[in-house]
There are 2 protein chains.
Amino acid sequence: MPRSQMDAPESRLPLSEPVLQILISLAARDLHGYAIMREVEERSGGRVTLSTSTLYGALQRMMRDSLVERSAERPDPASDDQRRRYYRITDFGRAVAEAEAGRISELAHLLRERDLVTR
Amino acid sequence: MPRSQMDAPESRLPLSEPVLQILISLAARDLHGYAIMREVEERSGGRVTLSTSTLYGALQRMMRDSLVERSAERPDPASDDQRRRYYRITDFGRAVAEAEAGRISELAHLLRERDLVTR
DNA sequence: CGTATCTATGTCCGTAGAGGACATATCCGC
DNA sequence: GCGGATATGTCCTCTACGGACATAGATACG
């Protein structure tokens, strides 16, 4: 049974690194899979890389869980590519991302308090 | 072959939630397994709970990976309990925890920049 | 125009960790 | 001595991660 967005966003935490990175990318704008891969790698300075199996596997699960959905629109029709499949973050996906952001923010605070952040 | 502490702390990131929480507890002081469970639950306000299988499984892997080690000392000999097995964070474990703390701190900054932290 | 490389999506499969269920034994209060 | 709390541990299943591999359309270039 596919999970519905009925349950609280907090119940989905913590997110895995791939899922969080994908949500961060899609929170800014609709993107296709390959573009997400490139964006995540560039944004993280190469520290986070998504293999294609991780990327497309995660996207499928995220659609199943209603975190993202397929977008019919073609952003940038000027230089398009028929093969591309665009994804959009859902309202629920954004709520989950925000819940995770809050959790991480609190965690960062705690780690600072305990002198584990050394910079 | 068990992983040695030869490789860079960053190569072990990201840490799973259980492993990070255990390291946070042990960074403050030596503790036995059951005390770690209680501390994590209390510190997180019940949001993070470690089942015994998760806890002891994680501790075994963390020893294999030289993040923690068994401690022979008995802190609090006044009210001791023979069954307790105390664990201590290693220098390498602390380095890994600090690397993770830095990563999380940067992540929190990014999430704030992108207006995903709403509080 | 052929062909090599980049772009783009996807599956298959092995491995490892999370966690529920269960097992066992000791400690302590009453 | 009996029950609940303390304490450690295994077994088993499920799921996700990610390397290897497959396929094909787009683009550049001689």
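In what follows, every chain begins at residue 1, and chains take the letters A, B, ... in the order their sequences are listed.
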Please tell me if A:Arg61 has a side-chain N or O lying less than 4.0 Å from either OP1 or OP2 of D:dC17.
yes

Does A:Ser53 get its side chain close enough to the base of D:dG19, under 3.5 Å, for a donor-acceptor pair?
yes

Derivation and outcome, side chain to side chain contact (heavy atoms under 4.5 Å, CB included), residues A:Leu110 and B:Ile24
CA-CA 9 Å; A:Leu110 172 75; B:Ile24 291 173; 4.1 Å; yes

Please give, in whole Å, the distance from D:dA7 C1' to B:Leu59 CG?
13 Å

Does a salt bridge link A:Arg114 with B:Glu98, judged by any charged N lying under 4.0 Å from a carboxylate O?
no

Near DNA chain C, under 4.0 Å by heavy atom, which residues of residues 20-50 of chain B?
none

At 4.0 Å (heavy atoms only), tell me whether B:Arg83 reaches a base, stays on the sugar-phosphate, or touches nothing.
base

Which residue, A:Asp80 or A:Glu17, contacts DNA chain D at a nucleotide closer to its 5' end, judged by nearest heavy atom?
A:Glu17

Separation of A:Arg84 atom CZ from C:dA8 atom P, in whole Å?
4 Å

Does any part of the side chain of A:Leu67, heavy atoms only, come nearer than 4.5 Å to the side chain of A:Leu26, both counted from C-beta?
no

Output the single nucleotide from C:dG19, C:dT11, D:dG19 whose closest atom is nearest the side chain of B:Pro18.
C:dG19

A:Ser51 side chain: which of D:dT8, D:dG19, C:dA8 is closest?
D:dG19

Separation of atom CD in A:Gln60 from atom C1' in C:dT11, rounded to whole Å:
9 Å

Do B:Tyr86 and B:Val40 share a hydrophobic cluster (ILVMFWY, side-chain heavy atoms under 4.5 Å, transitive)?
no

Look at the side-chain N and O atoms of A:Thr54 and state whether any lies under 4.0 Å from the OP1 or OP2 oxygen of D:dG18.
yes

Which nucleotide sits closest to the side chain of A:Arg64: D:dA16, C:dG10, D:dT8?
D:dA16

Using a strict 4.0 Å threshold on nitrogen-to-oxygen distance, state whether B:Arg38 and B:Glu41 make a salt bridge.
no

Just how far, in rounded Å, is C1' of C:dT9 from CZ of A:Arg70?
11 Å

Would you kindly give the OH-to-P distance between B:Tyr56 and D:dA7, to the nearest whole Å?
8 Å

Atom CG of A:Leu15 to atom P of D:dC17: distance rounded to whole Å?
10 Å

Does a side-chain N or O from B:Ser16 land closer than 4.0 Å to OP1 or OP2 of C:dA18, or not?
yes

Distance, rounded to the nearest Å, where A:Arg85 contributes CZ and D:dA24 contributes P:
15 Å

Whole-Å distance, A:Tyr86 OH to C:dT9 P, equals 9 Å

In terms of side-chain heavy atoms, does A:Arg85 have a donor or acceptor partner in A:Ser71 at a distance below 3.5 Å?
no

Check: residues 28-37 of chain B side-chain donor-acceptor pairs under 3.5 Å, at least two apart:
from    : atom 1 : to      : atom 2 : distance (Å)
B:Arg29 : NH1    : B:Glu39 : OE2    : 3.1
B:Asp30 : OD2    : B:Arg88 : NE     : 2.9
B:Asp30 : OD2    : B:Arg88 : NH2    : 2.8
B:His32 : NE2    : B:Arg84 : NE     : 3.3

